[in-house]
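Notes for the one structure printed next.
Side-chain atoms are counted along with the backbone in the values below, which use heavy atoms only and exclude waters and symmetry mates. Just so you know, these numbers come straight off a predicted model, no measurement behind them.
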Amino acid sequence: MAKEKLLEVKDLKTYFFTEDGVVKAVDGVDFEVYKGETLGLVGESGCGKSVTAFSIMRLLDYPGKTVGGKVIFKGEDLLKKSEEEMRKIRGKEIAMIFQEPMTALNPVFTIGYQISEALKIHLHMNDKEAMEKSVELLKKVGIPIPEQRVHEYPHQLSGGMRQRAMIAMAMSCNPTLLIADEPTTALDVTIQAQILELMKSLLQEFNASLIMITHDLGVIAEIADRVAVMYAGKVVEYTDIRTIFHNPLHPYTFGLLTSIPRLDVELRRLNAIPGFVPDPLHFPKGCKFNPRCRFATDRCREEEPPLVKVEEGHLVRCWHVDRVKEEVKKGLLVGV
């Protein structure tokens with residue numbers, strides 16, 4: 001039975017028009033999210049992951065502007081909707097968990113007030129119903145003494161509890177799509193594991209889909225079904241979770257995986273991808289990864305490769321997939 005497509009992002013382009021020039025933060029991104037699945041959006045800081053999410057939600061401010069592409073959600077293009085129509089979708093149909101809850105939550109309102117607001121707007125609950133539902137949601141996400149916490153302010157909660165409160169707020173109206181922008185980055189590994197387990201159980205309970213934005217491949221391994229690896233505003237590899245770890249075919253993905261420490265191999269120093277993410281105002285000609293790539297040839301420095309299908313369900317943006325395949329066969333990857 002074919003899976004139901006919930007979201008389809010087609011050739012999405014979002015640019016920032018600055019005094020110094022045009023920053024092509026997202027420059028032709030394509031991916032799909034199916035009902036009930038989790039898509040991991042992976043890459044280094046500055047690759048365009050968060051801008052992609054904000055473009056989907058239509059939350060960009062000047063000087064950012066989506067200049068091309070389509071965001072098809074439940075058969076309709078979100079980029080063609082009015083701001084009033086988007087307000088009805090945000091929070092109810094598509095919800096977002098932001099990276100740092102201390103800045104995302106309003107410090108002058110209680111946790112209960114902030115959860116209640118969405119319930120009253122989208123589900124038309126009265127004050128009493130919304131507050132009772134807020135307590136129920138805080139209990140569901142594992143916050144102790146929710147009857148007390150609902151009247152507390154963000155600064156009175158720990159980082160883990162604030163993130164749980166953000167998740168409660170995001171799930172309050174039973175959205176069909178959740179976008180999580182690095183929700184565990186500021187948390188220690190123990191709390192991070194608890195938050196990921198909580199998200200997995202809630203997604204299953206609500207039958208919701210998730211776009212998980214992160215630079216942490218450990219998080220991706222834990223929660224994702226499929227992965228889109230981003231670099232310099234483009235998707236460079238797109239496949240299922242097992243393939244990305246066992247058969248990566250883009251040099252960037254390969255570099256990310258070989259830089260992870262291994263318990264079974266003794267190394268004097270960790271492997272690392274040389275260089276830095278390029279300045280978006282001055283992207284290199286050809287493949288944007290070529291200055292950091294040990295497989296790069298003259299063709300890479302002149303022509304940008306397209307995103308093409310190399311195997312069933314596996315898309316890669318690279319001229320030298322065969323050379324990367326040879327490196328993978330040497331067994332240098334984590335868990336291989």
Side-chain angles (χ1 to χ4, degrees), residues 13-16 20-31 40-52 182 185 213-221 227-239 243-262 265 267-308 310 314-336:
K13 295 180 180 180
T14 299
Y15 297 169
F16 287 82
D20 297 321
V22 179
V23 175
K24 297 182 178 181
V26 173
D27 195 21
V29 163
D30 299 87
F31 60 78
L41 212 53
V42 188
E44 291 171 276
S45 296
C47 71
K49 308 185 299 296
S50 296
V51 176
T52 299
E182 308 234 22
T185 298
I213 297 170
T214 182
H215 62 273
D216 189 335
L217 288 165
V219 169
I220 290 299
V227 185
V229 180
M230 285 188 69
Y231 186 81
K234 291 183 180 290
V235 172
V236 295
E237 187 158 10
Y238 182 56
T239 185
T243 303
I244 212 76
F245 279 96
H246 291 272
N247 190 33
L249 296 180
H250 193 279
Y252 178 59
T253 315
F254 182 81
L256 289 176
L257 289 166
T258 53
S259 66
I260 297 174
R262 288 179 58 169
V265 177
L267 295 172
R268 291 186 173 227
R269 62 182 298 168
L270 291 174
N271 293 315
I273 301 172
F276 302 94
V277 176
D279 179 353
L281 281 169
H282 305 98
F283 279 138
K285 190 178 178 184
C287 173
K288 292 180 174 64
F289 188 61
N290 84 75
R292 307 175 70 188
C293 182
R294 60 192 176 95
F295 302 103
T297 60
D298 289 341
R299 186 182 190 187
C300 304
R301 288 180 273 272
E302 292 296 325
E303 299 177 50
E304 183 162 31
L307 187 67
V308 296
V310 292
H314 194 170
L315 306 177
V316 183
R317 190 185 297 276
C318 181
W319 295 121
H320 300 299
V321 169
D322 291 339
R323 291 174 65 189
V324 183
K325 271 185 183 177
E326 289 301 315
E327 291 294 310
V328 172
K329 285 178 184 176
K330 293 177 183 176
L332 299 174
L333 296 174
V334 177
V336 177

ask   = Going through the checks in order, is the side-chain contact (heavy atoms from CB on, under 4.5 Å) test met by Phe16 and Val51?
value = CA-CA 10 Å; Phe16 287 82; Val51 176; 3.9 Å; yes
- Task: I would like to know whether Arg317 and Tyr231 meet side-chain contact (heavy atoms from CB on, under 4.5 Å); could you show each step before the answer?
- Result: CA-CA 10 Å; Arg317 190 185 297 276; Tyr231 186 81; over 6 Å; no
Heavy-atom pair with the smallest gap, counting every atom of [X] and [Y]:
{"X": "Tyr252", "Y": "Met230", "answer": "CE2-O, 3.5 Å"}
{"X": "Ile220", "Y": "Val227", "answer": "CG2-CG2, 3.6 Å"}
{"X": "Leu256", "Y": "Ser259", "answer": "O-OG, 2.7 Å"}
{"X": "Val277", "Y": "Ser45", "answer": "CG2-O, 4.1 Å"}
{"X": "Pro248", "Y": "Val328", "answer": "O-CG2, 3.3 Å"}
{"X": "Ile244", "Y": "Leu257", "answer": "O-CD1, 3.0 Å"}

Does [X] use its side chain to pair, donor to acceptor, with the backbone of [Y] at less than 3.5 Å?
{"X": "Asn290", "Y": "Lys285", "result": "yes"}
{"X": "Glu304", "Y": "Lys288", "result": "no"}
{"X": "Lys49", "Y": "Gly43", "result": "yes"}
{"X": "Trp319", "Y": "Thr297", "result": "no"}

Applying salt bridge (Lys or Arg N to Asp or Glu O under 4.0 Å) to Asp298 and not counting sequence neighbours gives Arg301
By salt bridge (Lys or Arg N to Asp or Glu O under 4.0 Å), Arg323 pairs with (sequence neighbours left out) none
For Lys234, the side-chain hydrogen bond (donor to acceptor under 3.5 Å, both in side chains) test, sequence neighbours excluded, returns none
Are [X] and [Y] side-chain neighbours, meaning at least one heavy-atom pair lies under 4.5 Å?
{"X": "Val324", "Y": "His250", "answer": "no"}
{"X": "Tyr238", "Y": "Asp30", "answer": "no"}
{"X": "Thr52", "Y": "Phe31", "answer": "yes"}
{"X": "Phe289", "Y": "Ile273", "answer": "yes"}

Practice prompt. Could you walk me through whether His215 and Glu182 pass side-chain contact (heavy atoms from CB on, under 4.5 Å), step by step?
Written response: CA-CA 8 Å; His215 62 273; Glu182 308 234 22; 2.8 Å; yes
How are the rings of Phe254 and Phe295 set relative to one another: parallel (under 30°), tilted (30 to 60°) or perpendicular (over 60°)? perpendicular
Rounding to 0.5 Å, atoms CG (Leu307) and CD (Glu237) come to a distance of 9.5 Å
